[in-house]
Protein chains: 2
Amino acid sequence: MRRPSRVNCARLSARLERLGQVGALPGGGVCRLALTDEDRKGRDLLVGWMRELGMAVLIDRIGNIFGTRPGRRPAPPLMIGSHIDTVKTGGLYDGALGVLTGLEVVETLDDLGVATDRPITVAAFTNEEGARFAPDMMGSLVHVGGMTVEAARAVVGIDGTTVGDALDGIGYAGLAPCGKPEVHSYLELHIEQGPILEAERVDIGVVEGVQAISWTEFVLEGASAHAGTTPMAMRRDAGLAAARAAVAVNDIVRAVGGQVGTVGSLVFEPNLVNVVAGKATFTVDLRNNDADALARVDAAVGLAVRGIAEDAGLALRSRILASFAPVGFDRDLIGEIEATTANLGLRSRRMVSGAGHDAQMMARICPAAMVFVPSARGLSHNIAEFTAPDDIAAGASVLFEMAVKLAGADMVGEEIA
Amino acid sequence: MRRPSRVNCARLSARLERLGQVGALPGGGVCRLALTDEDRKGRDLLVGWMRELGMAVLIDRIGNIFGTRPGRRPAPPLMIGSHIDTVKTGGLYDGALGVLTGLEVVETLDDLGVATDRPITVAAFTNEEGARFAPDMMGSLVHVGGMTVEAARAVVGIDGTTVGDALDGIGYAGLAPCGKPEVHSYLELHIEQGPILEAERVDIGVVEGVQAISWTEFVLEGASAHAGTTPMAMRRDAGLAAARAAVAVNDIVRAVGGQVGTVGSLVFEPNLVNVVAGKATFTVDLRNNDADALARVDAAVGLAVRGIAEDAGLALRSRILASFAPVGFDRDLIGEIEATTANLGLRSRRMVSGAGHDAQMMARICPAAMVFVPSARGLSHNIAEFTAPDDIAAGASVLFEMAVKLAGADMVGEEIA
């Protein structure tokens, strides 16, 4: 039997709805691309809530937001976090759930009048999605020292703006140095973004690790030419070659078990009905649990694209947009999450994340772990993204009980084994 | 031996250069998309030149510009025309050459103090390229009654603007009814936009007709989804299907002799590196001298795209953007152009145009013909578009001598057999 949740799920859902109104799309869903004005409004809302809860708010130079509830001792905090930026056609849950559950944990402790030994910091990391600026997980990557603030600020986005200019523009280039505060441990609640938990009717995914990720951008250049007067044999059609490459990527990926691969972005220039495309730019997103298998697929894709470009007489450039090794989360935390889940009367299974998450960056500097809740129809990065209130309650309960354990709270009469 | 030209080629080239500065691109070439502010500036320049030459200027409701030099009799005019809009990465010659040669014919007659029996009207038709608004050849199509002004004004462009709003916005929605004035005959000088004349070292292409054209837009809709967490077998990837379709179009076209086909525009949504594309929109441009062969290719393309959509579980919509039957130009005019070319000591050959032109619309209401001059390396719809001054001089000479014949001038001591 499922034990009743100690967190206020209605309050958590109300905050999810409220944040979802910032950048809301006409047909549902949200567009809150990193460092846009919508992102600023979302950040303002979050910082306001943190201040209402009496938390000390700190913004670092890459725009990461940290709100801290003090502990009884000046010890490194338990951090609960995620992100509030979205893709162009995102939902209400991806990222926002993890950050707002952090707030809910804090407010529930306040409601119960319970102090913790360690401080609890709620984190919202900058540009986790990478939809406007690559690489993704930028804020947490900078936080753990994997990229300098200067290098991150110099990144040019899909609209030609730099991260630095965008940060300055929305007023979220903070003064705090990156990499502070030191963290005791890190927890992240996230939607699964895949179909497995729903299909297997499991409440909680206990995440063992994150797949390796490789993102590459390819640029093919031929010659734009008149579509009516240029014989087929005399063309150097960059658009056709890019289409061939997208088909080839899919063929290569399908031949390898456990591999996923996507050409999600493809742009023709000049992109007109009656002009042979002189230039085509596309991205390849490859992921695999096995870093060696991913490297082989990456090499095969590079070879295929080069062959297609040569056959068509095109110039080819490529650059790596992101490359992350697979990550394993902390074994002790994984065990504690499983135990907590069982105590709450919830069904869980271990799983590997196909998506990248801020937790994988935090795992470089402290014990880190993730909890997944089901995504309806497996949909995410989609305006139809949905997680049922009961599932949110289950996930938030796990986070709350884990926070009580890790931050050290006196929960008289309420302690769970 | 080539006879000296009676037109002032330096003056014609200077006007081509001057008009080419309007919408000039940083790396060369021109972007003067129909009904943009650059188009307005080009129109203003043209109308100013017409007025300087004492021509009566008339703007009709679809924005076609007609400048008329009066004749001795109030007869239907000889019309010399083309267009001044360009594609996004266009050159200085496509369209502009035909319009500005019309001005040069008029100014040469003025210089020689020669009157013609018939008036001579120089025409610049709205939106010949179709690069912003489909169909192409819109202004001449409306002029000949093939499309109502109301239908044309309601067309929505690639940027969401209607033709009507754009026309009103640049102040070129004239008061004159469309379809006036009645025309005696129509001549258009144009660059070949293909490689044949240059390759065969021929001065003049005598155009027998225009290929049939079919433009179709296809929209594929699947489901946007997370690129990391959505197993390959559970995807409904509209981008991949569009890439397959582009490859299929090329395969079908290549199997048919004399056929050309192009997927020049392809747009993914949301077009992000880490999101499976939920929607993809692409265009197919098909052309053939043989209308029946074109219809068979069109059907094969439709069948292939439907099959690809069904295999991928995608919704499919399509709409015809343009569909024009092949056009044959006036046989008498073709013969007169050949004779004139020979008298001028120029080499000519007959050819079929792969591109659509305003002349094919005018051929519906009056005897019409076209004269081609070589395009360097066959390039057009490209910033490197170029036609040598000698070739321009040859083409303008043919137009001038044809105008003298058709409009009826007393050219004492200068008449060419």
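- One N or O on the side chain of A/Asn271 and one on the backbone of B/Leu266 form a donor-acceptor pair closer than 3.5 Å.
- Considering only heavy-atom pairs separated by less than 4.5 Å from chain B, the leading option among A/Glu385, A/His226, A/Arg287 is A/His226.
- Counting non-hydrogen atoms of other residues, nucleotides and ligands closer than 6.0 Å to CD1 of B/Ile320 gives a total of 12 or fewer.
- Only the backbone of A/Gln259 comes within contact range of chain B, with heavy atoms under 4.5 Å apart.
- No donor-acceptor pair under 3.5 Å is formed between the side chain of A/Asn274 and the backbone N or O of B/Asp285.
- Taking all atoms of both residues into account, the shortest heavy-atom contact from A/Val263 to B/Phe268 is O-CE2, 3.4 Å.
- Side-chain contact check for A/Arg244 versus B/Asn250: some heavy-atom pair is nearer than 4.5 Å.
- The two residues A/Pro270 and B/Thr89 make their nearest non-hydrogen contact at CG-OG1, 3.7 Å.
- For chain A, the nearby parts of B/Leu272 are the backbone and the side chain; heavy atoms of each come within less than 4.5 Å.
- With a 4.5 Å cut-off on non-hydrogen atoms, B/Val249 does not touch chain A at all.
- Interface residues of residues 191-199 of chain B toward chain A, defined by a heavy-atom distance below 4.5 Å and sorted by number: B/Glu192, B/Gln193, B/Gly194, B/Pro195.
- Heavy-atom pairs under 4.5 Å with chain B were tallied for A/Gly130, A/Ala322, A/Ala355, A/Gly239; the largest tally goes to A/Ala355.
- By number of non-hydrogen pairs under 4.5 angstrom with chain A, the leading residue of B/Ala384, B/Gly354, B/Ala241 is B/Gly354.
- Of the listed residues (B/His381, B/Glu217, B/Glu269), the one with the most heavy-atom contacts under 4.5 Å to chain A is B/His381.
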Inset, instruction - Start with the C-alpha gap between A/Arg235 and B/Thr262, add the side-chain angles, then the distance that decides, and say whether side-chain hydrogen bond (donor to acceptor under 3.5 Å, both in side chains) holds. - result: CA-CA 10 Å; A/Arg235 298 180 174 203; B/Thr262 307; 2.6 Å; yes
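- Of the atoms belonging to A/Arg254, it is side-chain heavy atoms, and not backbone ones, that fall under 4.5 Å from chain B.
- Counting only distance, with no hydrogens or angles, the side chain of B/Asn382 and the backbone of A/Ala225 share no donor-acceptor pair below 3.5 Å.
- Applying the 6.0 Å contact sphere to CZ of A/Arg349 captures more than 12 heavy atoms from other residues, nucleotides or ligands.
- With respect to chain B, the highest number of heavy-atom pairs below 4.5 Å among A/Val253, A/Val276, A/Leu240 belongs to A/Leu240.
- Contacts with chain B were tallied for A/Thr229, A/Asp136, A/Val87; A/Thr229 has the most, counting heavy-atom pairs under 4.5 Å.
- Among the candidates A/Ser224, A/Ala238, A/Ala246, A/Pro231, the residue making the largest number of heavy-atom pairs closer than 4.5 Å to chain B is A/Ser224.
- Among B/Ala277, B/Gly264, B/Gly356, the residue making the largest number of heavy-atom pairs under 4.5 Å with chain A is B/Gly264.
- In terms of heavy-atom pairs under 4.5 angstrom with chain B, the leader among A/Asp237, A/Val247, A/Ile158, A/Leu379 is A/Val247.
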